[in-house]
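The residues of the chain are indexed from 1 along the displayed sequence. Just so you know, these numbers use all the heavy atoms, side chains as well, and skip hydrogens, waters and symmetry mates.
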Amino acid sequence: MTQTRIPLPAYEWPGGKTSATLLSVDVDAQVPYMWAQRDSVPDRLGTLEIRRFGPRTGLYRLLDLFARYGVKASFYVPAFAVEANPEILPAILEGGHEIGLHGYFHEIVSEVSDDEFTGALEASMELFVRQTGARPVGFRSPAWEMTPHMLREVRRLGLAYDSSLSGFDHPYEIDGVLEIPVQWAIDDAIFFKFEGGGRDKWPYQSGRAVLQDWLSEWRTLHRFGGLFTLTVHDWISGRAQRIALLEELLEAIVAEQSAWVATGAEIAKHHVASANRGRFAVESAIPQAIGTRRFGRDHG
């Protein structure tokens with residue numbers, strides 16, 4: 001069987017590695033709920049307590065998991081989660097992991113202006129520097145949406161990379177910003193984000209089936225020489241069943257010596273120092289609306 005060649009050079013990983021894995025944690029806790037209820041918080045505890053499990057227990061189970069397997073991860077944290085739980089950042093740093101920005105209130109892009117986004121980004125940076133003494137180098141947008149303005153602001157503030165878009169399955173550059181891509185199919189929220197109370201649009205799914213899909217994705221991306229960006233959440237994957245799932249996944253990944261497990265900061269540093277830089281550069285290129293286009297003989 002012949003194989004069609006992709007008309008781009010292969011992405012080059014360091015030290016002869018075949019692929020890379022980014023283990024990432026979005027430490028959302030109750031912050032997205034607070035954003036959704038920002039005008040009036042109801043006096044109901046169900047969703048709040050489900051999500052508060054994250055900073056109380058789930059985060060520390062994930063930190064323990066990574067320590068047991070000797071891997072480092074990138075944690076993207078909304079600033080409001082840091083305000084509410086000032087012990088979060090020291091615990092992450094103690095494990096040698098990376099901390100990245102993830103909005104202030106996990107604000108949704110379509111619900112804030114450009115100026116509000118800039119203000120939230122600057123305030124998040126100030127809070128993290130004040131708490132840790134160091135500037136974060138990575139940004140991940142809440143709900144994985146970006147605009148050209150946001151890319152310009154990420155670049156203006158000197159952040160090394162963004163991790164919100166999915167234009168390749170290896171790092172690339174968009175509008176001059178290094179993008180470390182994500183993928184919804186390997187995000188725990190689309191499978192397990194079940195809060196109950198009639199608010200959920202999709203049913204909870206079997207962890208066993210998800211594990212098999214994730215293993216298949218990792219093995220095939222490894223063969224393609226890509227980047228496997230796993231995204232989990234403190235309040236979702238800190239639960240016992242998901243810890244067991246992640247143990248099986250990590251068993252396979254760390255056993256493969258040609259797979260590089262790295263933080264977003266490490267991947268960004270490699271990209272800019274390697275032959276990959278400039279090879280995979282694109283523009284955001286927002287297209288014009290097609291509403292005025294017509295077809296048929298009457299319209300030429």
*Do the side-chain N and O atoms of H222 and T21 include a donor-acceptor pair separated by under 3.5 angstrom?*
no

*Distance-only, no hydrogens or angles: does the S274 side chain make a donor-acceptor pair with backbone N or O of H271 under 3.5 Å?*
yes

*Which pair of heavy atoms, one from L151 and one from S284, lies closest together, and at what distance?*
CD1-CB, 4.4 Å

*Cut-off 3.5 Å, side chains only: do Q30 and E49 have a donor facing an acceptor?*
no

_Validation row: E173, R277 side chains within 4.5 angstrom (heavy atoms)_ = yes

*To the nearest 0.5 angstrom, please state how far the CG atom of D234 sits from the CD1 atom of I88.*
7.0 Å

*Determine the minimum heavy-atom distance between Y76 and L101, stating which atoms define it.*
CD2-O, 4.0 Å

*Taking the six-membered ring for Trp, are F280 and H170 ring centroids under 6.0 Å apart?*
yes

*Check the pair T231, S24 against side chain to side chain donor-acceptor pair (under 3.5 Å), reporting the backbone distance first and the verdict last.*
CA-CA 5 Å; T231 303; S24 67; 3.2 Å; yes

*Let me know which of I267, L22, L227 forms a side-chain contact (heavy atoms from CB on, under 4.5 Å) with W260.*
I267

*asked:* Using salt bridge (charged side-chain N to carboxylate O under 4.0 Å, His left out), reason through E266 and K269 one step at a time and then give a plain yes or no.
replied: CA-CA 5 Å; E266 290 170 332; K269 185 177 180 179; over 6 Å; no

*asked:* side chain to side chain donor-acceptor pair (under 3.5 Å), that's the test. Do D162 and S164 meet it? Break it down for me.
replied: CA-CA 6 Å; D162 171 64; S164 312; 2.8 Å; yes

*Does one side chain, of W35 or E111, offer a donor that lies under 3.5 Å from an acceptor on the other?*
yes

*Cluster question for you: counting only ILVMFWY and a side-chain heavy-atom cut-off of under 4.5 Å, with indirect links fine, are W184 and Y172 together?*
yes

*Do the charged groups of D26 and R140 touch, with an N to O distance under 4.0 Å?*
yes

*Give a yes or no on whether the backbone of A81 and the side-chain of N85 come within a donor-acceptor separation of less than 3.5 Å.*
yes

*Any side-chain donor paired with an acceptor under 3.5 Å for E83 and Y104?*
yes

_Tell me if the centroids of the rings in Y11 and W13 come within less than 6.0 Å of each other._
yes

*Salt bridge or not for E153 and R156, using N-O below 4.0 Å?*
yes

*Where do I186 and F228 land on the side chain to side chain contact (heavy atoms under 4.5 Å, CB included) test, with the steps shown first?*
CA-CA 8 Å; I186 40 179; F228 180 83; 3.6 Å; yes

*asked:* When you compare the side chain of Y69 with that of V261, does any pair of heavy atoms fall below 4.5 Å?
replied: no

*Taking C-beta and beyond as the side chain, do P86 and Q131 meet within less than 4.5 Å on heavy atoms?*
yes

*Flag the pair E122 / L157 as yes when at least one side-chain heavy-atom distance between them is below 4.5 Å, and no otherwise.*
yes

*Carefully, step by step, assess E98 and V137 under the rule side chain to side chain contact (heavy atoms under 4.5 Å, CB included).*
CA-CA 9 Å; E98 178 195 4; V137 300; 3.6 Å; yes

_Closest contact, heavy atoms only, H233 versus L62_ = O-CD1, 4.2 Å

*Could you tell me whether a side-chain N or O of S166 sits under 3.5 Å from a main-chain N or O of P181, the two making a donor and an acceptor?*
no

*Does some side-chain heavy atom of I253 sit less than 4.5 Å from a side-chain heavy atom of W214?*
no

*asked:* According to a hydrophobic-cluster definition based on side-chain heavy atoms being under 4.5 Å apart (Ile, Leu, Val, Met, Phe, Trp, Tyr only), do Y161 and V272 belong together?
replied: no

*asked:* Check this for me, if you would: do E247 and R68 make a salt bridge, where the nitrogen-to-carboxylate-oxygen distance has to be below 4.0 angstrom?
replied: yes

*Please examine the side chains of F139 and L121, heavy atoms only from C-beta on, and report whether any two atoms are closer than 4.5 Å.*
yes

*asked:* Can you see whether F128 has R135 sitting over its ring - NZ or CZ less than 6.0 Å from the centre and within 45° of the normal?
replied: no

*Hydrophobic cluster identity match, I236 and F53, side-chain contacts under 4.5 Å*: no

*Compare every heavy atom of P78 with every heavy atom of V31, then report the nearest pair and how far apart it is.*
CG1-CB, 4.0 Å

*Locate the shortest heavy-atom distance separating M34 from F80; write the atom from each residue and the value.*
CG-CE2, 4.2 Å

*Hey, are E256 and R219 close enough for a salt bridge, meaning a charged N less than 4.0 Å from a carboxylate O?*
no

_Would the distance check show the side chain of R155 and the main-chain N or O of D175 forming a donor-acceptor pair, the cut-off being under 3.5 Å?_
yes

_Minimum side-chain heavy-atom gap Q241-R208 below 4.5 Å_ = no

*Begin from the C-alpha positions of F105 and R38 and carry the test side chain to side chain contact (heavy atoms under 4.5 Å, CB included) through to its verdict.*
CA-CA 9 Å; F105 297 108; R38 57 193 178 277; over 6 Å; no

*Do N276 and H270 come close enough that some side-chain heavy atom pair is under 4.5 Å?*
yes

